[in-house]
Each structure stands twice: as C-alpha cells, then as structure tokens.
Amino acid sequence: MDDLQFNKNTFLESYLLKHRELGKRQREYKKILSGKLKSRKETIIESSYENAIDQLEEEKNELRAQIWVASGSTHKKTNDRCLDMIKCHVECQENLALDITTLKTSIGNMEKEISRVDKQIYNLNRLTVPDQQHQAHVAHTRKKMVILENALEVGVRQECGFTAANAELREQLIRILNHRTFFNDSYTKMVQKLNSDKKYLIDLIDYALNTFDGCIDVYEKIDNIAKREAKERELRRIELQGIMRKVAADADNTAFLECKAKPRELADLQPKEYKRRDEFRRNHNKKINLYNSVLQKILEYTDSSNVEEVIEKFQQQESLYYSFFNYANEMSYHITLLNNSVNRLFEDIISLKRDNSNSLQEQLELISSLENEVKHKQESNMELLRIRENNDARLENLLQGVETLCEMCSIDATPLAGLLGDHTHVNLVNVARFLKLLEVRVQELTASVYVLERQDEGRVDYVVKQIEKICEAPTDLDDIVLTQQCPECAEGEAFNMDDGGDGVVIHTVAEAKKKLYEKITQPEMQYRLHSISQCRLPRSRLLAAKRNM
C-alpha cells in the first residue's frame, strides 16, 4: 500500500517547475526568432533550445498521462483507504497531544511552584549539602573559565588589532623617515650652496647696510634743514603779526586821540544824582570799614601779618578738616559693615537653632517610624518563615509524589548514574531530569496501552480513547489551481545568454526544489505571484486596457 501511494505535493511541484521551465524556453525561443541572423554558435544554442523544448513537451505529455492515471478509480480507492488510516492516526495523535498538553500544564505549574522557592531552598541547602556546593562551585568555575576564555579571545583580538596598527604606524614611520632623509639631503645641498655664495651675500649685505646708513644720514640732514626753515618761517610770521598788531594799535590810538582830545563842556548833575552818589559812597565806605575790621580780627586770631598767610592757614585747616571728615566717613562705613555682619551672624544662629530643633524632631519621628517598620518587618519575616516552612513541606510532598510516580511507572534512571551528585532520589537538582524521563515513560505507556487495547476489536470501553476524526472530502485534482508568476514580471527576469550562468542545463528534481524554495522564500515573491491585470508595470496596464476595450 505504501508503494502504491501517490505523492501529490511532489508531483505538483515537479509539474510547476516543468511548466515554468517550458514557458522560459518558449520566451527565449521567441526572442531568438525575433532577433537578427544568427551565427553558428547561436544556431547550436537554438537547436539545443528546441531539443530542450521537445523534451519538456514529452515530459509534459507524460505528466498529463500520469495525472489521468492517478485520477482513476483504483487510485481513488487507495487514496480513500489511506485517508481513513490518516484520519485514525490524526485523531489518536490529537488525543495524545491533548493528554500530553494536560500533563505538560500540570508539570509546568509544578515547575513554577518549584522555581518560586528554588532560590531560597538552594541558599539554605547550599551550606548543608556538599554535592550541591560542589556543583555550584563547578558552575561558577565554568562561568569564570568562559569569562577568562572570552577575555583571552578579546585580548588576542586586541593584540591582533594593535599588531595591525603597529604595522601601519611602522609603515608611516618608514615613510616619514624617507621624507626626513630627502629633506636632510635637500637641506644639506642648500646649506652647501649657501656657504659657497656666502662671501657674495656678505658683500651685498655690507653694501646694502652702507647704502642704508648713507640714506639715513642724508634723511637726517634734509629733516634738520626742513625743521630749521619751518622754525624760521614761524618766527617771521610771529614777528609780522606783532608788527601788524602794533600798526593797527597805533592807528586805533591815533583815531581815539583825534576823537577824544577835543575839549567837552559837561552839564551840572541833578541834586537827586548827587544824593544817590553820596548814599552809594557812604554805604561802600561802611562795608569797607566792616571788611577791614573783620580782616583785622582774622589777622589777630590767626596771628598772621598778611592775607597770604591767612589763606595758607585756612587751606591747611580745610585739608585737615576734610581728612578728618573722610576718616569719620570711613569709620562709619566700617562700623556699618560690622553691624551688618553681627546682624547676619545673629540671624544665622537663630536659623541654625531652628534647623537643629526641626532636624531633631524629624530624627525622632524617623526613629519612631523606623522602629514601627522594624516591628512590621519582624512580623512579616515571621509570616514568611511560616510560609517557607509550609512551602518546604509542600515541596517535599511534591518531590515525594514525583518519586512515587517514577516508581509506579518503573522509569529507567540509569542515564542519570553517570552524572554528578546523588540521583537515587528526586531532589531540586535532578527533578527536571526525572520529569523528562517520566514524560517519555508516560508517552510509551500510553502508546503501548493504545496498541494493546486495539488488538481486541470487540472491546468498547478503552482506557485511551479513539483518535479518529472525520474530516472533509479531499480536494479534487481538477480544482487545484497552480499559482504562476506574472509574465510581464517574469519577462524582466528572463535569462540572458550574454550574462553567463548555467545556460540550458536541465536541473534535477532536488536542484529544482532548492531553486523553487529560494525563490519562494524571497521577500518580494508574494508580490510577483499575481495575474497580468493586477501587475503594477506600465506595459501590463496597457495590455490589460487593450483586453478590456
């Protein structure tokens, strides 16, 4: 029955590959026919294409015949019988999968319950179980060894990088040394040439210095002459200005004397004017006498003989007064600064007292809150200790239950004998390994019970239930539509003989499957699998528009 089974997937894949290869050859053949006159090589290639097309046509006809044969009644009966067996196996597998899922769920819950207290129990048992300490030490040492190996690898890579960098720097140094050698040679040649022409340069420099000194002397002489002429010109100008002023003054005096030298007859003043003048003279004489008496008193008070001494003493007293005044202002400023400093210090002292009292109160409150928190923590720790004891008891019961299940199932624990530690009983270290062995043993027992129960066809109440599942009718071969690539998109991917490649070589079925898998797994393959009416290329839209017209 297995020999007569027909594999539709392989058959359809091979048919699709042949159909695509045929379309590709036909496009290449059309391209060759529409080209210019071909050479002998192109004629040979064309003949090989025709042979390949004929071979593909024969394979296509053969595949059609195989399809017709496969759609016969004999093969349909075989397919129905195989489908019934597949249904039976699928239902059995689903029931087994459901049971296994239930067991896995319970095992997962147990693992979660175990992992929740795994760390605490491991920390408690680490000091009492030497084997676990050894295993932890070995794991820690292995981690360190891995870290050291990684560090060694990183160091080797860094050393390689440094070596490469040193090589590049060495090349740069060699290049710089070459440049330096060339520079030294050029510099030596230039120095030698400079030494050979040194006497000529020294003479030129002396001649230039002498010429420069002579120019400086000439410039100084010309400058002195110009200054002397300018000074003489200024003296003449001042002398002429004095003469002009004198002439103008003489002319003005002459005109004034000519105007004022004439005798004039004045009229007598009025009595009121005489009275006013007498009053003015009397007031002024009184003021002069007063001023003279005040001045005399000042001279007597200051013990001075003239007004200049009085003025000098007054200036001395005024400067002394201003110095005392400035000193008093400076002292007042310093006193103000000291008062401000004292006030600030008093404010700082008051604020420090306030802060100290506030901090003391806060610290007292913090101490009381911490004491309350310590009490709550102690109570919670006692509760956690009770929970830990309960969890330890539950974990011990669970481990004992796992061990009981293993004993009931008669699992083979010999694979664990070669590992480190004691594996005669179930503990936290080897519970995962025992659960794996238990899962395998349960699956074996389930399968064996299923097979043993089905040997007796008359029995109805099975321990392992039926797994058959009624499915829909199989899809007819005529209803299967092969997904093809868009011809316009394929036109852009057509093979070009000038680009090289494998040419017209016929691939094997395995190579064709590999190439098909590579094409299908490409990210843009889903876009290329469409009809010409859904293509996004401009030519495809034109063709679709012509079809619809």
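Along the sequence shown, residues are numbered consecutively beginning with 1.
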Could you please spell out the steps behind the side chain to side chain contact (heavy atoms under 4.5 Å, CB included) verdict for N339 and I335?
CA-CA 6 Å; N339 291 328; I335 290 168; 3.5 Å; yes
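- Contact check on E234 versus K231 returns no salt bridge, with no Lys/Arg side-chain nitrogen under 4.0 Å from an Asp/Glu carboxylate oxygen.
- With rounding to the nearest 0.5 angstrom, the CG atom of L103 is 10.0 Å from the CG atom of L98.
- Using a 4.5 Å heavy-atom cutoff, the side chains of S357 and L360 are not in contact.
- Using a cut-off of 4.0 Å between Lys/Arg side-chain N and Asp/Glu carboxylate O, K227 and D223 are scored as salt-bridged.
- Electrostatic pairing of E232 and R236 counts as a salt bridge here, judged by a charged N lying under 4.0 Å from a carboxylate O.
- With a 4.5 Å cut-off on side-chain heavy atoms, E273 and R276 count as touching.
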Checking E153 against E149 for the side chain to side chain contact (heavy atoms under 4.5 Å, CB included) test, could you report, in this order, the C-alpha distance in whole Å, the side-chain angles of both residues, the deciding distance, and whether it holds?
CA-CA 6 Å; E153 185 178 358; E149 287 177 355; over 6 Å; no
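- Residues E229 and R233 are in side-chain contact: their nearest non-hydrogen atoms beyond the backbone lie under 4.5 Å apart.
- Using a 4.5 Å heavy-atom cutoff, the side chains of R354 and S351 are in contact.
- At least one side-chain heavy atom of D217 sits under 4.5 Å from a side-chain heavy atom of E220.
- Here the CG-CG distance, from N340 to L345, works out to 11.0 Å after rounding to the nearest 0.5 Å.
- Between S369 and L366 there is a side-chain heavy-atom pair separated by less than 4.5 Å.
- Remark: of the listed residues R281, K275, R282, R281 is the sole one forming a salt bridge (Lys or Arg N to Asp or Glu O under 4.0 Å) with D278.
- For the pair R388 and L385, the minimum side-chain heavy-atom distance is below 4.5 Å.
- For the pair K313 and E309, the salt-bridge criterion is not met [side-chain N within less than 4.0 Å of a carboxylate O].
- Residue L299 comes nearest to N306 through the heavy atom pair CD2-O, 3.5 Å, listed as atom of the first residue, atom of the second, then distance.
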